[in-house]
Amino acid sequence: MYDVIVVGARCAGSPTAMLLAQKGHRILVIDRSTFPSDILSTHYIQVEGVARLRKWGLIEKMDAAGCRPIEKITFFMNGFGLTPPEIPGAPVERAYCPRRTVLDKLLVDAAREAGAEVREGVTLQDLLIEGDRVIGVRARTKDGEVFEERATVVVGADGMHSRVAKIVDAPAYDEHPSLSCAYYSYFSGTNLEGAELHIGENGGILAFPTNDGLDCIAVGQSNEMFEEFRSDIEGNFMRYMEAISPAMHERVRAGKREERWEGTADVPNFFRKPYGPGWALVGDAGYHRDPITGLGINDAFRDAELLSTALDEGLSGRAAMDDALAAYEQQRNEIAKPMYEFTIALASGTPPPEMVAAIEAAQAQGD
């Protein structure tokens with residue numbers, strides 16, 4: 001009997017397991033993948049997420065893994081760039097954009113080191129349910145062995161198409177359809193000094209340094225352009241890039257693509273009710289937004305902290321579990337909603353007025 005079983009061991013599941021194990025709870029994590037392994041990702045860990053890695057004692061391991069820190073980001077609109085100024089006296093925190101082969105293995109190892117049991121190559125088959133309460137999981141190993149385990153709470157950290165959320169029929173709300181699509185790959189010779197976000201009338205570009213001396217560069221378009229985009233990924237990637245930023249286009253042409261293309265148009269926007277009798281959701285399973293603002297990993301880390309705190313309160317008896325999880329949902333939504341609305345506006349092709357005004361003011365000052 002476990003206190004919590006976490007389904008999914010990536011950037012929401014492993015931190016949740018780690019934090020609960022550190023509090024003395026008996027935790028099992030299962031994931032169908034083995035680690036290290038890759039997954040489609042925005043990569044970006046913004047300063048808030050980096051601060052959590054530092055608090056968890058993992059930032060030195062990030063540095064040791066060879067992920068280049070990012071000390072500035074420049075926003076470009078119609079060719080004009082704006083780098084937010086440093087705040088006098090404030091500490092300069094770096095961002096990171098690690099490969100998921102690096103980040104997820106680091107997090108899985110941290111969960112194990114904290115005392116959580118992690119079983120890799122294990123696929124969730126079903127949830128065990130008594131009455132209306134989830135009481136455990138039925139799962140299968142990569143060798144075909146089927147087993148059952150029980151827990152007080154089962155946490156779905158298994159992504160936006162969460163099997164856990166589907167089985168418990170977790171209600172979604174504040175939904176918006178997929179608004180964008182994108183393809184990305186990894187390049188050498190593009191010589192990025194920091195992260196860059198280019199917004200044009202015909203899409204956007206996100207570029208940032210990552211591991212192994214490579215830069216990850218993505219080109220995004222409106223969702224309805226996906227079929228055309230995928231019909232000639234290389235040609236359209238370069239054509240769209242040239243229309244958005246001729247300067248970036250020249251840098252990429254001078255470099256070399258080192259890996260295959262990755263892309264998707266499956267980027268829905270929603271909140272899900274993240275708890276019920278014997279179950280909870282965290283990360284993309286409970287809340288998903290367009291990747292254009294690069295918030296997925298940050299949000300996963302934040303919600304892992306919020307959920308682990310709520311579960312600890314419920315498991316320890318300091319609060320009724322339903323009350324603790326209701327507070328988790330309220331906190332998550334209050335923090336996430338403003339950036340959710342900002343992201344929807346940006347992905348819809350209508351940059352928020354405050355962003356446009358800031359760039360226009362900087363451009364006028366430069367003139």
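What's counted below: heavy atoms across the whole structure, side chains too, no hydrogens, waters or symmetry copies.
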Q: Is it the case that the side chain of Q125 and the backbone of F147 share a donor-acceptor pair, with hydrogens and angles ignored and the cut-off at 3.5 Å?
A: no
Q: I need the I167 CD1 to I129 CD1 distance, nearest 0.5 Å.
A: 7.0 Å
Q: Sequence neighbours excluded, which residues qualify as side-chain contact (heavy atoms from CB on, under 4.5 Å) partners of P274?
A: L281, Y328, E329, R332
Q: Can a salt bridge be assigned to the pair E113 and K61 using a cut-off of 4.0 Å between side-chain N and carboxylate O?
A: yes
Q: Is the CZ atom of R318 crowded by more than 12 outside heavy atoms at less than 6.0 Å?
A: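 Count over threshold, so yes.
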Q: Holding to ring-ring contact (aromatic ring centres under 6.0 Å, His included), I want the full list of residues that pass it with F301, two or more places apart in sequence or in another chain.
A: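 F301 satisfies ring-ring contact (aromatic ring centres under 6.0 Å, His included) with W56 once adjacent residues are dropped.
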Q: Can you confirm whether more than 12 heavy atoms, excluding those of R251, are under 6.0 Å from its CZ atom?
A: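 Yes - once you tally the heavy atoms of other residues, nucleotides and ligands closer than 6.0 Å, there are more than 12.
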Q: Kindly indicate, with the supporting measurements, whether the criterion salt bridge (charged side-chain N to carboxylate O under 4.0 Å, His left out) is fulfilled by R119 and D31.
A: CA-CA 7 Å; R119 301 185 196 176; D31 197 294; over 6 Å; no
Q: Can I get a per-line list of side-chain donor-acceptor pairs under 3.5 Å for residues 13-23, giving both atom names and the distance, sequence neighbours left out?
A:
unit_1, atom_1, unit_2, atom_2, d
S14, OG, A9, O, 2.6
T16, OG1, A12, O, 2.8

Q: Under 4.0 Å between a Lys/Arg side-chain N and an Asp/Glu carboxylate O for R289 and D284?
A: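 A salt bridge is present here (some side-chain N lies under 4.0 Å from a carboxylate O).
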Q: May I ask you to check if R99 and Y186 form a cation-pi contact, with NZ or CZ under 6.0 angstrom from the six-membered ring centre and within 45° of the axis?
A: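 The answer is yes, since R99 meets both limits relative to Y186.
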Q: Side chains of Q221 and Y183: any donor to acceptor distance under 3.5 Å?
A: no
Q: Checking D290 side chain against I292 main chain: does a donor-acceptor pair fall under 3.5 Å?
A: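 Answer holds: yes.
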Q: Just checking, any donor-acceptor pair under 3.5 angstrom between side chains of S188 and E258?
A: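 Result is yes, a qualifying pair exists.
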Q: Distance from T210 atom OG1 to Y44 atom OH, nearest 0.5 Å?
A: 11.5 Å
Q: If we ignore angles and hydrogens, is there a donor and acceptor under 3.5 Å between the side chains of S33 and R10?
A: yes
Q: Ion pair present between R52 and E305, side-chain N to carboxylate O less than 4.0 angstrom?
A: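 Counted as a salt bridge, because a side-chain N and a carboxylate O are separated by less than 4.0 Å.
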Q: Please check if atom CD in E130 has more than 12 non-hydrogen atoms from other residues, nucleotides or ligands closer than 6.0 Å.
A: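 Not buried by this count: 12 neighbours or fewer within 6.0 Å.
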Q: What pairs with Y240 under ring-ring contact (aromatic ring centres under 6.0 Å, His included), at least two apart in sequence or on another chain?
A: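 Y240 satisfies ring-ring contact (aromatic ring centres under 6.0 Å, His included) with F229 once adjacent residues are dropped.
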Q: Can we say R230 and E227 salt-bridge, meaning some charged N sits less than 4.0 Å from an Asp/Glu carboxylate O?
A: yes
Q: On the ring face of F237, is R239 found with NZ or CZ under 6.0 Å from the centre and within 45° of the axis?
A: no
Q: Do Y340 and D299 get their side chains close enough for a donor-acceptor pair, meaning under 3.5 Å?
A: no
Q: Considering residues at least two apart in sequence or located in another chain, which fulfil the side-chain hydrogen bond (donor to acceptor under 3.5 Å, both in side chains) criterion with S348?
A: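 side-chain hydrogen bond (donor to acceptor under 3.5 Å, both in side chains) list for S348, sorted by chain: empty.
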Q: Would you be so kind as to tabulate the donor-acceptor pairs closer than 3.5 Å made by side chains of residues 241-249, with sequence neighbours excluded?
A:
unit_1, atom_1, unit_2, atom_2, d
S245, OG, M248, N, 3.1

Q: Can you list the steps and then say if D212 with R68 is a salt bridge (charged side-chain N to carboxylate O under 4.0 Å, His left out)?
A: CA-CA 9 Å; D212 307 317; R68 288 176 288 162; over 6 Å; no
Q: Does NZ or CZ of K273 lie under 6.0 Å from the centre of the six-membered ring of F271, at an angle within 45° of the ring axis?
A: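 Checked: cation-pi criterion not met.
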Q: How many angstroms lie between atom CG of N269 and atom OH of Y287, to the nearest 0.5 angstrom?
A: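 Here the interatomic distance stands at 8.5 Å.
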